[in-house]
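The sequence lines fix the lettering, A, B, ..., with proteins before strands; numbering per chain opens at 1. Just so you know, these numbers use all the heavy atoms, side chains as well, and skip hydrogens, waters and symmetry mates.
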Amino acid sequence: MTNIREQLSRLVGGALSEASGIADCNPNVIEATRSEFGDYQANGVMAAAGRCGRKPRELAEAVIDGMSDEDGIVASAEVAGPGFINIRLNDQALISRGNDVLRDPRSLIPPDRQAQKIVVDHSSPNLAKEMHVGHLRGTVIGDCLSRVLERLGHEVIRQNHVGDWGTQFGMLIAYMQELGEDSSVLQAELEDLETFYRAAKEKFDSDPAFADRARLSVVRLQGGDPEYLKAWQSFIDESLRHCQEIYGRMDVGLTLADLDAESRYNDDLDGIIRELEEKGLLQESDGARCVFLPEFKGKDGEPLPVIVQKSDGGYLYSTTDLAAVRMRSFDFEADRSLYVVDARQSLHFKQVFAVARAAGMASEDISLEHVAYGTIMGSDGRPYKTRSGDSVKLADLLDEAVARAFDLVSAKNPDLAEDERRLIAENVGIASVKYADLSKNRMSDYVFDWSTMLSFEGNTAPYLLYACTRIKSLLRKQEDDSGGNELTELTQPEERALLLKALQLPEIVEVVARECYPNLLCSYLYELSGAFMRFYEACPVLKAEPNIRNSRLALASLTEQTLEQGLDLLGIKTLERM
RNA sequence: GCGCCCGUAGCUCAACGGGAUAGAGCAUCGGCCUUCUAAGCCGAGGGUUGCAGGUUCAAGUCCUGCCGGGCGCACCA
């Protein structure tokens with residue numbers, strides 16, 4: 001079942017091509033900007049009229065006459081203003097679509113016509129430290145996009161490009177050895193990776209002998225010394241355990257199978273350099289090996305290098321990223337490769353993509369997309385930190401969210417057993433953090449603020465979850481009539497508005513998949529919840545006469561499906577009670 | 001200096017390949033619980049979309065120039 005907008009686009013688009021004689025014109029069908037205009041509006045007539053030299057309103061009339069609406073989805077179409085076509089949908093067509101979804105809830109979001117293979121690179125913490133608030137956005141946005149793309153039938157290859165290689169690990173290994181191999185002391189120390197890192201760093205900075213040992217262990221490690229590799233591996237395993245714990249708690253789908261650690265590419269890096277050299281792209285500058293591309297200029301207009309090998313022979317993350325592009329392009333044969341990474345790295349990705357294209361390390365038709373996101377700020381307008389200036393651990397952030405949610409649930413609903421309140425708080429707290437992030441335009445920086453996020457009013461996770469619990473409560477009380485869950489009539493405007501809104505989910509999901517903006521899905525779900533709340537206030541369900549009662553229960557059930565599926569795409573689970 | 005991103009209501013944010021009268025929430029003020037969960041609903045006030053030009057039937061959105069802010073720019077990732 002094609003979504004409503006697409007169906008209308010074809011309908012109007014066909015007639016528009018016919019009437020204007022222009023094959024490739026865009027009917028530009030969007031949801032009506034104001035309800036007086038109907039349900040949808042076609043804005044493309046005016047542009048087409050300009051191209052074929054006809055009067056817009058006259059062309060619009062011709063388009064309306066030429067529409068062959070075989071399914072009878074359009075109740076009325078009329079010319080308005082300078083040449084808009086305002087479209088009102090047929091109630092029966094809406095009811096019939098709604099019933100189709102009720103019979104087969106999966107049909108709400110139909111698969112994309114052509115399934116693609118899509119890499120989603122996200123989360124990517126540095127394993128030297130514990131995950132902190134800086135990893136929140138990449139983790140949550142990437143997880144959401146993965147879910148959306150999977151739901152549309154694409155083959156999604158999640159990649160967690162963790163930092164597990166480089167100089168810090170020499171320091172950490174040296175510090176592990178310092179503490180002694182066997183001890184439970186070590187285990188205890190590793191419980192808090194942040195503290196461990198800080199202690200190692202402190203020693204590194206204050207103890208020259210230790211610093212030497214640290215530098216030596218990098219060399220040993222990178223030289224493949226089994227003892228050092230073993231120590232390194234045990235540290236990595238421990239750090240990954242921390243990550244997976246966070247992912248599990250946040251219901252993020254990343255698993256160990258999705259690991260795409262930097263070290264994976266160690267053996268490829270020589271080859272990358274050789275390949276660049278063969279292509280004639282490599283130049284030496286101040287002892288470093290670089291690629292210069294004309295489109296990149298640095299300070300004072302001088303050519304800007306992409307350094308792929310340091311003067312000491314070491315490789316950089318550009319080199320690794322090139323190797324990763326090559327793998328994604330030629331081994332995975334992906335159609336798209338998304339990099340859900342901080343916006344501050346946009347120059348880096350532009351360079352890597354450009355070099356990869358120039359060197360043939362990316363196939364012609366792979367789409368390389370930096371899905372950039374802004375910074376989480378504190379109320380002082382600086383990147384979000386603790387009062388002492390440290391980065392906020394993700395684990396602590398989640399704890400606090402859950403604690404605040406628990407207080408709130410207890411205040412709102414003191415009759416619930418404590419166990420249940422704990423479970424609700426875990427869900428609500430974490431959902432709130434995720435939703436607060438996903439609902440912001442990913443490109444802009446946003447201010448992290450407990451009071452707006454956990455005030456639980458307005459466009460927040462609790463509002464959506466609350467709408468769900470109202471529906472579920474309603475459906476629980478219907479008791480006897482299990483059968484006949486069918487929409488039959490729309491007696492109130494609130495019912496119609498809700499039904500139409502619910503049927504629009506696939507239109508939004510399609511845009512999210514294309515443009516990678518989860519906040520569009522959030523706004524949609526917020527509007528859907530609002531439409532339900534208004535319906536709930538205006539239309540008695542259980543006390544209505546049987547026909548209407550049944551139809552309204554069906555509408556509630558459809559809304560539940562839509563909300564649940566939509567929230568699932570955000571990585572949020574619904575609740576029975578809250 | 002060059003490049004990228006941003007500037008929208010007092011605050012936090014929207015506005016989906018340019019569309020008609022720029023929308024929500026918070027905060028403020030005023031209504032609605034003997035009736036399906038009031039974490040809700042209804043209503044009011046609040047704007048020259050940083051400034052100035054340009055493109056066109058139509059500009060918050062596209063182009064140019066300013067002003068203001070953020071970030072990035074040679075061996076960290």
Side-chain angles (χ1 to χ4, degrees), chain A residues 5 26 28 30-34 36-37 41 43-44 46-47 49-50 56 80-84 86 124 126 128 163 165-168 262 285-290 296-302 304-312 314 316-318 320-321 342-348 350 372 374-375 377 381 408-409 411-413 428 439-441 443-447 449 451-453 455-460 462-463 465-467 469-470 473-474 476-478 507-508 510-512 514-515 517 519-520 522-524 526-527 530 533-534 536-544 556 577-578:
Chain A
R5 179 150 86 143
N26 174 12
N28 199 359
I30 62 168
E31 200 185 335
T33 51
R34 296 172 57 201
E36 308 93 275
F37 299 151
Q41 60 186 67
N43 299 335
M46 291 164 285
F84 297 99
N86 289 341
S124 311
N126 181 349
W165 203 244
T167 48
Q168 317 108 304
E262 286 183 304
S285 173
D286 292 342
R289 310 182 88 178
C290 314
F296 298 107
K297 299 255 191 279
K299 293 171 182 167
D300 309 321
E302 282 173 26
L304 187 68
V306 179
I307 300 178
V308 290
Q309 190 169 24
K310 297 192 284 184
S311 48
D312 68 3
L316 294 108
Y317 77 142
S318 296
T320 313
D321 278 343
D342 193 305
R344 284 171 289 197
Q345 301 210 29
S346 62
L347 177 61
H348 165 72
K350 271 186 189 161
T375 308
M377 311 294 252
L408 202 71
V409 177
K412 294 283 181 190
N413 224 336
V428 170
S439 61
K440 265 73 171 190
N441 185 311
M443 279 305 289
S444 45
D445 298 342
Y446 76 89
V447 176
D449 179 14
S451 63
T452 56
M453 179 171 35
S455 70
F456 297 171
E457 281 162 359
N459 188 10
T460 61
Y463 180 87
L465 291 172
Y466 181 59
T469 60
R470 279 186 148 183
S473 166
L474 206 50
R476 272 199 303 273
K477 286 183 179 156
Q478 102 186 74
E507 300 171 23
I508 277 68
E510 182 212 316
V511 177
V512 173
R514 194 176 60 237
E515 309 283 341
Y517 281 96
N519 67 298
L520 299 174
C522 294
S523 329
Y524 164 79
Y526 178 56
E527 284 164 17
M533 294 290 197
R534 284 187 287 277
Y536 186 88
E537 299 280 341
C539 305
V541 177
L542 299 174
K543 283 182 276 304
R577 259 178 291 273
M578 66 185 276

Practice problem: Could you give the distance separating C73(B) and G50(B) at their P atoms, to the nearest angstrom? | Solution: 29 Å

Quiz item: If only side-chain N and O atoms of Lys412(A) are considered, is one of them under 4.0 Å from the OP1 or OP2 phosphate oxygen of G40(B)?
Solution: no

Quiz item: What integer number of Å spans the P atoms of C2(B) and A44(B)?
Solution: 50 Å

Quiz item: Can you name the side-chain contact (heavy atoms from CB on, under 4.5 Å) partners of Pro540(A), sequence neighbours left out?
Solution: Arg552(A)

Quiz item: NZ of Lys477(A) versus C1' of U35(B): gap in Å, rounded?
Solution: 11 Å

Exercise. Would you classify Asp321(A) as touching base, sugar-phosphate or nothing, given that sugar-phosphate means primed atoms plus P, OP1 and OP2, and contacts are heavy atoms under 4.0 Å?
Key: nothing

Quiz item: Between Ser473(A) and U37(B), is there a side-chain N or O to OP1/OP2 distance below 4.0 Å?
Solution: yes

Exercise. Would you mind classifying the nucleic acid contact of Arg577(A) as base, sugar-phosphate or nothing, using non-hydrogen atoms under 4.0 angstrom?
Key: base

Exercise. Using a 4.0 Å cut-off on protein heavy atoms (strictly under), produce a 5'-to-3' string for nucleotides 13-19 of chain B with B for base contact, S for backbone-only sugar-phosphate contact, and - for none.
Key: SSSBB-B

Protein-nucleotides 47-50 of chain B N/O pairs under 3.5 Å:
none

Self-check item: Euclidean distance for C1', C26(B) against C63(B) (whole angstrom)
Solution: 37 Å

Practice problem: Quickly work out the Tyr536(A) OH to A39(B) C1' distance and round it to whole Å. | Solution: 13 Å

Quiz item: Rounded to whole angstrom units, what separation is found between the CG atom of Leu465(A) and the P atom of U37(B)?
Solution: 17 Å

Exercise. Identify whether any heavy atom of Cys522(A) sits under 4.0 Å from a base atom; if not, whether one sits that close to sugar-phosphate; answer base, sugar-phosphate or nothing.
Key: nothing

Quiz item: Expressed in whole Å, how much space separates the C1' atoms belonging to G47(B) and C13(B)?
Solution: 15 Å

Practice problem: Taking atom C1' in both G3(B) and G40(B), compute the distance separating them and give it to the nearest angstrom. | Solution: 49 Å

Quiz prompt | Point-to-point distance, once rounded to the nearest 0.5 Å, from CZ of Phe84(A) to CG of Asn28(A) | solution = 9.5 Å

Practice problem: Quick one: label Thr460(A) by what it contacts on the DNA or RNA (base, sugar-phosphate, nothing), any heavy atom closer than 4.0 Å. | Solution: nothing

Self-check item: Atom P, compared across A22(B) and C51(B): separation rounded to whole Å
Solution: 16 Å

Exercise. Write down the distance between CG (Leu347(A)) and P (G72(B)), rounded to a whole number of angstrom.
Key: 11 Å

Quiz item: Looking only at side-chain N and O atoms, does Tyr317(A) come under 4.0 Å of OP1 or OP2 in A77(B)?
Solution: no

Practice problem: Under 4.0 Å between any heavy atoms, over every strand shown, what does Ala80(A) touch: base, sugar-phosphate, or nothing? Just pick one. | Solution: base

Self-check item: Inter-nucleotide C1' distance (U49(B), U21(B)), Å rounded
Solution: 15 Å

Practice problem: Measure the distance from OH on Tyr463(A) to P on A38(B) and round it to the nearest whole Å. | Solution: 12 Å

Practice problem: Among C73(B), G40(B), A39(B), find the nucleotide with the atom closest to the side chain of Leu304(A). | Solution: C73(B)

Quiz item: Rounding to the closest angstrom, what is the interatomic distance between G43(B) and C6(B) at atom P?
Solution: 34 Å

Self-check item: Partners passing side-chain contact (heavy atoms from CB on, under 4.5 Å) against Ala288(A) (at least two apart in sequence or in another chain)
Solution: Cys290(A), Ile307(A)

Exercise. Scan Ala288(A) against the nucleic acid and name what it touches under 4.0 Å (heavy atoms): base, sugar-phosphate only, or nothing.
Key: base

Exercise. Quick one: list whatever passes side-chain contact (heavy atoms from CB on, under 4.5 Å) with Ala32(A), sequence neighbours left out.
Key: Phe37(A), Gln41(A)

Quiz prompt | Partner set under side-chain contact (heavy atoms from CB on, under 4.5 Å) for Ser473(A), not counting sequence neighbours | solution = Arg476(A), Lys477(A)

Exercise. Only counting residues at least two apart or in another chain, list the ones meeting side chain to side chain donor-acceptor pair (under 3.5 Å) with Thr375(A).
Key: none

Practice problem: Provide, to the nearest angstrom, the distance between the CD atom belonging to Glu537(A) and the P atom belonging to A39(B). | Solution: 11 Å

Practice problem: Classify the nucleic acid contact of Leu542(A) as base, sugar-phosphate or nothing, counting any heavy atom under 4.0 Å across all strands shown. | Solution: base

Quiz prompt | Which residues share a ring-ring contact (aromatic ring centres under 6.0 Å, His included) with Tyr517(A), sequence neighbours left out | solution = none

Quiz item: In dot-bracket form, how is RNA chain B paired, counting a Watson-Crick or G-U wobble pair only if both its distances are under 3.5 Å and using | for bases paired to another strand?
Solution: (((((.(..((((.....[...)))).(((((.......))))).....(((((..]....)))))).)))))....

Practice problem: Measure the distance from CD on Glu302(A) to C1' on A74(B) and round it to the nearest whole Å. | Solution: 11 Å

Practice problem: Please work out if Asp286(A) contacts a base, only the sugar-phosphate, or nothing of the nucleic acid, heavy-atom cut-off 4.0 Å. | Solution: base

Exercise. Starting at CZ of Arg577(A), measure out to OG1 of Thr469(A) and round the result to the nearest 0.5 Å.
Key: 10.0 Å

Quiz item: Rounding to a whole Å, what distance do you find between Leu408(A):CG and A38(B):P?
Solution: 16 Å

Quiz prompt | Results of salt bridge (charged side-chain N to carboxylate O under 4.0 Å, His left out) for Arg534(A) - residues two or more places apart only | solution = none

Polar atom pairs (N or O), protein with nucleotides 23-29 of chain B, under 3.5 Å:
{"from": "A24(B)", "atom 1": "O2'", "to": "Tyr526(A)", "atom 2": "OH", "distance (Å)": "3.4"}

Practice problem: Quick one: list whatever passes ring-ring contact (aromatic ring centres under 6.0 Å, His included) with Tyr524(A), sequence neighbours left out. | Solution: none

Quiz item: Considering only C5(B), U21(B), G40(B), which nucleotide approaches the side chain of Tyr466(A) most closely?
Solution: G40(B)

